[in-house]
Amino acid sequence: MLQVHLEIYRKSIVIFADLQVPTGEIYCLYGPSAGGKSSILAAIAGFESTYSTAIISLDERILVDTTSHPPVHVPIWQRRMVYLEQSARLFPHLTVTENLLYGTSQVSSKEFAELVAELGLQDYLTYKPSQLSGGLIQRVALGRALATHPAVLLLDEPFSALDWHARHSLQDLLLRLQRRAPITMVLVTHQLTEAQRLADQIALVDKGHVLQVGTPTHLMANPISWRAAQLLGYGWLLPAPGGQAYAIHSDQIVLGETPELGPTGQGVVVEIFWREGQRRVRVDLQSPWLETVEVPLSASDGVRLGDLLALTFVQPPRFSLAQADLPPSQKTP
Amino acid sequence: MNFMKSRLSKLNTAVALGSTLLLLLPLLVLTFHLSWPGVWQVWRAQGGAALWVSVQTTLMAMAFILVFGTPLGWLLSRGQARTWRWLEFFLLIPLLMPPLVIGLLLIYLYGPYGVAGRLLALGHLSATNTLLAVVVAQVYEAMPYYVFVAQEAFNQVDQGFERASLSLGVAPVKTFLRVTLPLSLPGLTVGFTMAFARAIGAFGAVIVVAYYPHTLPVSVWIALQEQGLSVALPLAALLLVISLPLPLAAVLWRRLHHVTGTS
C-alpha cells in the first residue's frame, strides 16, 4: 500500500493530503484545475519538495519522512515510481525501441514482444518520436514506464491533450494492461468521465484538500457535501423535508412520476438539444429553488417544445445546508 | 503601399548583399594577394614550429575548457540559487575584457611574483614564456565563450526529459550522459568550436605572457614587423586554414541536424 501524508503551504493554496492507495488499484485524484492534485503527485514522485511535512511510504518502506531525525528522503530514481506527465517527453534522439528499453536493465525478447504487441507498436519500433502522433507517443510513454516494472505508476493527466477517440482508446488500453498485470496507479485528472472510467477509488480534491474518497459508485450515491456533489456533476438542489436539500444530477432524472423512486416534479420543455451524442431537454420547473433542469432522453421519448413533462428525481442524496452553502441562483427568496 | 513594400524590400536586399560583401571582402583580398608558389616555402620555413605550438597549446586549453567549462555551464543553467545569477553576471567581465588587459592581469597573477606563479614554481612550473603560459592565456581568452554557449545549450534542453529519465530509475550522472548531453550536443559543439577558434587565434593575452614559444598568431605579427606583408600573409592564411574548418563544419552540421529534426 502507498501511504501519503502531505502538508504544503503556498501563498495561493494550502495543500493537505492523507491518502491510502491499495496495492494493485487505480487511485484517482480528481478535481478542478489548480486544486493541488498535480503537486501531490509530484511530491509522491519526488519532484516537489516545498512541503513542510511529508511522510510517504510504499509497502512499509519509508520513502520520505520529514518528521524523523535525520529526515528520510529516498532519491527519485530509487523509488520505483514512474511519473508520466501530460506531455509524454519521449527522448527525441532515441527510436521507439530505445525509448521503450530506456529504463530497463533486463527485458527478455519475449516480454518485449508481448509489450509491443499489447501497445500496438510493432510498426513503429524504428521511428523517432517526431514521427509519431500524440496517441502513439502516449502509448510509447506508457510502454516505457511499464517496461521498468514500476511499483507505482504516477499519471498526471496523461491523456488530456488527446482527441476523444485516442483518449478513449488509451483508457481502454490502460485498463486492459492493468487487468492483465495489476499495478498500483495514481492518476490525476480533471475529467470526471475519465476518473469514473478508470478508477477503483476516487479522491475528490478541491482547493488543496481531499473532500471524500470512495469507489465511483459509492461517491455518486453518497456525496458527503454539496461541493463534493458538484464535483461529481450534480447541478441542482431541491428542498427536502427537515430543512435539508436533495442534490439533483441530470443523469438521474427520468420522465414520468414514480414517487417510490424519489421526489417528483413537473415542468415545461423550453429547449431540446444534443450533448455528447445524447438528446436532452431543458425543463422549466418554475420553482424558486429549481428553475430549470436538464433531462436526458431515450431514443423512444417523443418530446416537443412546450410539452408539460412529469419528472422523477431518482434517489437523490440529501444534505443539511446552510443558506451560505447555496449557489446564488438557488438561494430562497 | 505594395509599391512602397517592394521598394523597401529591394533596398533591404541591396543593403544585405552590400554588408555580406563588406564582410567577405578581406577574404577575397587574401586570395588575390597570396602568391601561391611562395606559400609552401613560407609555411615550411617559418610556419611549422609555430603551427605545432599553436596546435599543442590549443588542444590542452580546449581539454581544460571542456572539463571545467561544461560543469560550470551546466550549473549556470540549472542552478536555482541566486548565487548562480550573480556568478553569471560577473563571468561577463572576462568575456568582455580586452585580451591585452587579460594578458597584463595574468602577468600579475601567474608571473614569477604573482600568487599563482609562486604556487606553480613550487611544482617547478612557470607560466611566463612557456607552453603553459600560452595555454593559460588561451584559456582566459576562450573559456567564457564556451561557458556561455554551453549554458544556453543546456537551457535549450527541456528539463521534463531529465525528470522522465530520473523517474525511470536512471541516476543523475547517467541521465546527464544519456539524455542531457546528447540533446545539448549541437549547442555544445558550436560553443566548443567557437572557443577553439578563439583559442587558436588568441593574440592579445598570449603575446604579453608568452612571446616565446611563438604561436601562429604571434609569428604572423613578428613576420609583419620584421619581414613585411609578403611573409605575414602566407602565415595568416595558414592560421585561417587551421582555425576555420572546424567551426564552419560544426555550424553546418548543426543546421543539417536541425533540418532532420533529431534535436
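Being a predicted model, the structure only gives us computed values, none of them experimental. Reckoned from all heavy atoms, side chains included, excluding hydrogens, waters and symmetry mates.
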What part of [X] gets within 4.5 angstrom of chain B, counting heavy atoms only: side chain, backbone, both, or neither?
{"X": "A:R80", "value": "neither"}
{"X": "A:E85", "value": "side chain"}
{"X": "A:L90", "value": "backbone"}

**OP:** Flag the pair A:Q171 / A:L175 as yes when at least one side-chain heavy-atom distance between them is below 4.5 Å, and no otherwise.
**Re:**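 Result no, sub-4.5 Å side-chain heavy-atom pair not found.
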
Original post:
In terms of heavy-atom pairs under 4.5 Å with chain A, which of B:S167, B:P172, B:G169, B:A171 leads?
Top reply: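 Result: the option with the highest number of such pairs is B:S167.
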
Original post:
Going by atom types alone, do B:S184 and B:Q156 pair a side-chain donor with an acceptor below 3.5 Å?
Top reply: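 No - no donor-acceptor pair under 3.5 Å links their side chains.
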
Original post:
Would you say the side-chain atoms of A:D200 pair up with the backbone N or O of A:I26, donor to acceptor, closer than 3.5 Å?
Top reply: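 It does hold such a pair.
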
Subject >> Ring-face cation of B:R163 near A:Y83 (centre distance under 6.0 Å, axis angle within 45°) >> reply: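 No, B:R163 does not lie over the aromatic ring of A:Y83.
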
